[in-house]
Asker: 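Take this structure first; my questions come after.
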Amino acid sequence: MEAVKLEIRRPQIVNGIGLEPDPDWSFKSLLSELDSLEKKLNLSSSVSLPFAKTKSREIYGEKGTKRSSNAFVMRVSDEEFEDSEGENEEVRDRGLVKAARFNCNEFYFSSSDDDSDDQPCLDVQTYLMNEVGLVESALYELTHEHQLGVKEEIRNTISALETDLRNESEKSSSAHTKVEKYREARREVERKFDVQYQRRVAEGLDNHLTAVQRDHELKSQIEERKIRSDAAHEEAKRREKALQEERLLQEKAKAEAELQAKLKAEEANRAALEAERIAAKEAAEKEAAKASKANTSEVPQTEASGGPNATSSRVENDKTNKSELAGNMLRAAESALKLERERLQKLKELEEINQSLRSSSNQNFDSTGRLIGRLIRQISGNKDKVSTQASELVKIFNNPRCPQTISIAYFAQKVVSNCESPSHSAFACAHVIVLVTSQFPQAMDLVLAEIHRACIYTVPKHISYTKSAFESKEAYWKVIGYKEDDGKIESTTDYLVRLDSYMKLYGALVQTEVAGCQNVHGLKEGWAWLARFLNALPANMYTAVALYAFLQMAGFALFGKYRSQFMKMLNFISENFLNALRSQDDPDLRPITSKIQCYLEDKLFLQEPEGRTLQSSLLSNNMAPESDYHGPYHQQSRHFY
């Protein structure tokens with residue numbers, strides 16, 4: 001606040017009171033003077049004056065703080081008063097009141113009148129109240145100052161409130177901004193999650209659609225492949241049918257050629273027989289002596305009283321047939337040849353029936369053949385396995401989808417062709433044959449026919465080589481059973497290995513006995529085969545291998561049933577068959593000759609051959625498979641020659 005300078009030109013003092021202030025008064029001195037004036041007025045008046053104060057004046061600052069009165073000095077001069085009229089408005093705008101010039105010339109205080117009463121005092125007081133401008137001005141100024149202080153305080157309070165409000169608003173705005181930022185961050189996170197989820201959903205959907213499309217493509221490819229496969233299968237069936245027809249024609253032509261060759265051989269045999277009969281009639285006496293000597297050297301088969309009567313009669317017929325067939329190219333008993341013809345005729349009729357069935361049904365039964373072949377290849381020396389395989393084969397025979405004749409033909413082919421397998425088990429396979437043929441007896445003749453077709457020594461019969469009957473050695477080898485592959489005839493070693501396998505299967509078959517099943521081609525037929533073999537067949541490499549293989553498989557069972565008669569058979573083999581082999585003085589015959597001699601001298605027929613008794617399920621895991629212990633037989637057969 002600016003200090004106001006007051007100049008009093010004519011100072012007057014009435015009753016010790018300065019009517020005009022001292023020009024050098026400070027604002028504090030002015031206030032003190034006013035206070036003393038009021039006290040004097042109060043003391044001189046019995047009536048309380050409106051300006052009577054009980055508390056000294058106090059000055060407060062803009063913020064309500066108490067200010068010192070020394071800060072205000074008022075000096076006023078006439079020039080400054082005149083010059084300050086234009087500034088009144090500015091002072092008012094600043095919240096200040098410009099003090100007006102006043103004097104006390106008209107005040108008159110009469111204190112010397114003793115007769116004065118209270119009225120003059122009141123008049124003086126009223127006059128002073130009305131005339132004193134300085135007090136009013138100061139009061140007004142103080143009031144105005146107070147108002148300004150209050151306003152300033154209010155303004156400060158309002159400003160503080162506004163500041164607080166502004167701070168709170170800023171805090172609220174900041175909090176709101178933080179909330180918005182948090183919400184925005186959450187929205188961004190949720191948006192990212194949504195985008196990621198949508199991406200995953202899109203990827204999953206795309207993968208699913210891709211998988212579905214791939215599945216459809218795969219199905220379409222499978223359908224296309226199936227269509228192409230069916231078309232190729234149909235084409236293959238047509239080609240196979242054409243090849244089969246062509247093969248049948250070739251086989252038929254080949255069979256006719258072989259038949260013609262056999263017929264020629266039989267005609268030659270008949271011519272030789274006729275010539276021999278004529279010669280026998282002309283020299284009856286000489287032949288009678290020779291015949292009696294020959295009968296004493298023959299096997300005494302009439303003493304085989306332990307064997308069946310039918311077997312004895314066939315053996316006697318074989319003696320006469322041997323004498324009739326002496327010197328012929330075909331060496332066999334007539335009864336054996338008759339049985340062979342009957343079995344081959346049955347097989348031929350069955351093949352014709354099957355061919356007509358295939359032609360009429362237009363169905364391919366090769367899958368049945370493959371199934372039967374797989375079952376036969378899985379046969380092992382285990383009793384449960386043999387029973388299972390036989391049951392499966394019987395089910396196939398009873399399957400209406402494939403004719404029974406076709407199934408039986410497949411069985412006969414596969415069981416014989418399996419003999420050439422290195423893992424072939426002759427005894428186990430023989431058990432399966434007996435189990436199956438006990439329910440389908442007609443299958444036995446077909447199996448035997450296939451065996452006779454594969455090996456002529458199972459008949460038994462032997463064809464001797466003559467240049468007049470055969471164009472070459474190769475033609476002769478084909479007739480006795482050599483295989484031809486790409487125009488090349490197999491070696492004698494390979495042929496003898498196959499011969500050994502077929503003879504072991506035949507020997508195992510005739511001696512097999514299964515509880516509850518009838519073997520329609522049992523030991524009786526084995527005894528007959530041995531008699532026909534020794535009476536009709538010559539001693540050579542082929543017959544020696546066939547005889548040794550048969551004795552290995554069936555000798556134990558034949559001795560168990562026929563005892564002394566079988567021992568006579570063995571004596572005949574030792575005295576005649578082995579001597580005939582030794583007399584040929586052929587180094588290739590020595591191994592097989594020594595094997596037969598060891599069999600007889602060591603009495604190996606008293607020992608049960610390995611694999612004859614099938615393993616039970618409890619021992620099957622601890623014993624070697626039958627294919628293992630049949631290996632030595634195959635390995636031995638390779639050293640016969």
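FYI, side chains are in, hydrogens and waters are out, and symmetry mates aren't considered; it's all heavy atoms of this structure.
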Asker: Do His462 and Asn540 have side-chain atoms, one donor and one acceptor, less than 3.5 Å apart?
Answerer: yes

Asker: Given side-chain contact (heavy atoms from CB on, under 4.5 Å), test Arg590 with Leu581 step by step and report yes or no.
Answerer: CA-CA 8 Å; Arg590 290 174 185 172; Leu581 290 176; over 6 Å; no

Asker: Taking Ser359 for the side chain and Gln355 for the main chain, is one N or O donor matched with an acceptor at less than 3.5 Å?
Answerer: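 Pair found, side chain donor or acceptor close to backbone of Gln355.
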
Asker: Salt-bridged, Glu217 to Arg214, with N to O below 4.0 Å?
Answerer: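 The answer is no: the pair does not qualify as a salt bridge.
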
Asker: Indicate yes or no: at least one non-hydrogen side-chain atom of Thr466 is less than 4.5 angstrom from one of Tyr476.
Answerer: no

Asker: Could you tell me whether the side chain of Ile406 reaches within less than 4.5 Å of the side chain of Arg358, counting heavy atoms only?
Answerer: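 A side-chain contact under 4.5 Å exists here.
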
Asker: Compare all side-chain heavy atoms of Cys402 with those of Ile396 and state whether any distance is below 4.5 angstrom.
Answerer: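 No, side chains not in contact.
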
Asker: Does a donor on one side chain and an acceptor on the other come within less than 3.5 Å for Tyr410 and Asn354?
Answerer: no

Asker: Hey, are Glu349 and Gln345 close enough side-chain-wise for a donor-acceptor pair under 3.5 Å?
Answerer: yes

Asker: Taking all non-hydrogen atoms of both residues into account, name the closest pair between Asn382 and Ser616 and its distance.
Answerer: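 Looks like ND2-O, 3.6 Å.
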
Asker: Closer than 4.0 angstrom, basic N to acidic O: yes or no for Lys483 and Glu420?
Answerer: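 Yes.
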
Asker: Do you know which two heavy atoms are closest between Met503 and Phe550, and how far apart they sit?
Answerer: CE-CB, 4.1 Å

Asker: For the residue pair Ser380 and Ala428, what are the closest heavy atoms and their distance?
Answerer: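 Smallest interatomic distance, heavy atoms only, reads O-CB, 3.2 Å.
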
Asker: Please evaluate residues Tyr542 and Tyr495 with respect to the criterion ring pair (Phe, Tyr, Trp, His ring centres under 6.0 Å), reporting the C-alpha separation (whole Å), side-chain torsions for both, the decisive distance (0.1 Å), and the verdict.
Answerer: CA-CA 9 Å; Tyr542 305 119; Tyr495 172 72; 5.7 Å; yes

Asker: Looking at every heavy atom in both Gly555 and Tyr599, which two are closest together, and how far apart are they?
Answerer: CA-OH, 3.5 Å

Asker: List the steps and the verdict of ring pair (Phe, Tyr, Trp, His ring centres under 6.0 Å) for Tyr506 and His521.
Answerer: CA-CA 10 Å; Tyr506 183 78; His521 197 80; 5.5 Å; yes

Asker: So, Arg582 versus Gln597: side-chain donor-acceptor pair below 3.5 Å or not?
Answerer: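 Arg582 vs Gln597: donor-acceptor pair found between side chains.
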
Asker: Are Ile376 and Val432 close enough, and set up right, to give a side-chain contact (heavy atoms from CB on, under 4.5 Å), and what steps lead you there?
Answerer: CA-CA 9 Å; Ile376 291 174; Val432 173; 5.9 Å; no

Asker: Without hydrogens or angle criteria, can the side chains of Gln511 and Arg612 be said to hold a donor-acceptor pair below 3.5 Å?
Answerer: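 Yes, Arg612 and Gln511 have a side-chain donor paired with an acceptor closer than 3.5 Å.
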
Asker: With the side chain counted from C-beta on, respond yes when Met569 and Gln565 share a heavy-atom pair under 4.5 Å apart, and no when they do not.
Answerer: no

Asker: Decide, yes or no, whether a salt bridge links Lys385 with Glu392 under the criterion of side-chain N to carboxylate O below 4.0 Å.
Answerer: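 Salt bridge: no.
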
Asker: Look at atom CZ of Arg228 and say whether more than 12 heavy atoms of other residues, nucleotides or ligands are closer to it than 6.0 Å.
Answerer: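 Atom CZ in Arg228 is crowded, with more than 12 foreign heavy atoms closer than 6.0 Å.
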
Asker: Could you check, using the six-membered ring where one of them is a Trp, whether Phe411 and Phe397 have ring centers closer than 6.0 angstrom?
Answerer: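 Between Phe411 and Phe397, the centre distance is under 6.0 Å.
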
Asker: Tell me, do Leu339 and Glu342 make a side-chain contact under 4.5 Å, heavy atoms counted?
Answerer: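 With C-beta onward as the side chain, the pair touches.
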
Asker: Are Glu525 and Trp529 side-chain neighbours, meaning at least one heavy-atom pair lies under 4.5 Å?
Answerer: no

Asker: More than 12 non-hydrogen atoms from neighbouring residues, nucleotides or ligands closer than 6.0 Å to NZ on Lys237, yes or no?
Answerer: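 Enclosed: over 12 neighbouring heavy atoms sit under 6.0 Å from NZ of Lys237.
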
Asker: His452 and Tyr457: side-chain donor and acceptor closer than 3.5 Å?
Answerer: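 No.
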
Asker: Do Ile456 and Val479 have side chains that get closer than 4.5 Å, going by heavy atoms?
Answerer: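 SC-SC contact between Ile456 and Val479 ruled out.
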
Asker: Any side-chain heavy atom of Leu589 within less than 4.5 Å of one from Gln584?
Answerer: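 The answer is yes; the side chains approach within 4.5 Å.
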
Asker: Before you tell me yes or no, could you show the steps for Asp384 and Leu614 under side-chain contact (heavy atoms from CB on, under 4.5 Å), namely the whole-Å CA-CA distance, both residues' side-chain angles and the distance that decides it to 0.1 Å?
Answerer: CA-CA 9 Å; Asp384 294 337; Leu614 299 180; over 6 Å; no

Asker: Distance alone, cut at 3.5 Å: any donor-acceptor contact between the side chains of Ser491 and Asp494?
Answerer: yes

Asker: Is the closest basic N to carboxylate O distance between Asp230 and Lys226 below 4.0 Å?
Answerer: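 Judged by the 4.0 Å cut-off on N to carboxylate O distance, Asp230 and Lys226 do not form a salt bridge.
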
Asker: Does the side chain of Ser464 come under 3.5 Å of the side chain of Arg331 through a donor N or O and an acceptor N or O?
Answerer: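 Looking only at side-chain atoms, Arg331 and Ser464 do not form any donor-acceptor pair under 3.5 Å.
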
Asker: Quick check with a 6.0 Å cut-off and a 45 degree axis cone: is Lys561 positioned over the face of Phe566's six-membered ring?
Answerer: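 No, Lys561 does not sit over the ring of Phe566.
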
Asker: Before you tell me yes or no, could you show the steps for Thr458 and Leu448 under side-chain contact (heavy atoms from CB on, under 4.5 Å), namely the whole-Å CA-CA distance, both residues' side-chain angles and the distance that decides it to 0.1 Å?
Answerer: CA-CA 9 Å; Thr458 59; Leu448 293 172; over 6 Å; no

Asker: So, Phe559 versus Phe605, ring centres under 6.0 angstrom or not?
Answerer: yes

Asker: Identify whether the distance between the nearest side-chain nitrogen and carboxylate oxygen of Arg341 and Glu334 falls below 4.0 Å.
Answerer: yes

Asker: Do the side chain of Asn535 and the main chain of Ala333 share a donor and acceptor less than 3.5 angstrom apart?
Answerer: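 Between the backbone of Ala333 and the side chain of Asn535 there is no qualifying donor-acceptor contact (under 3.5 Å).
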
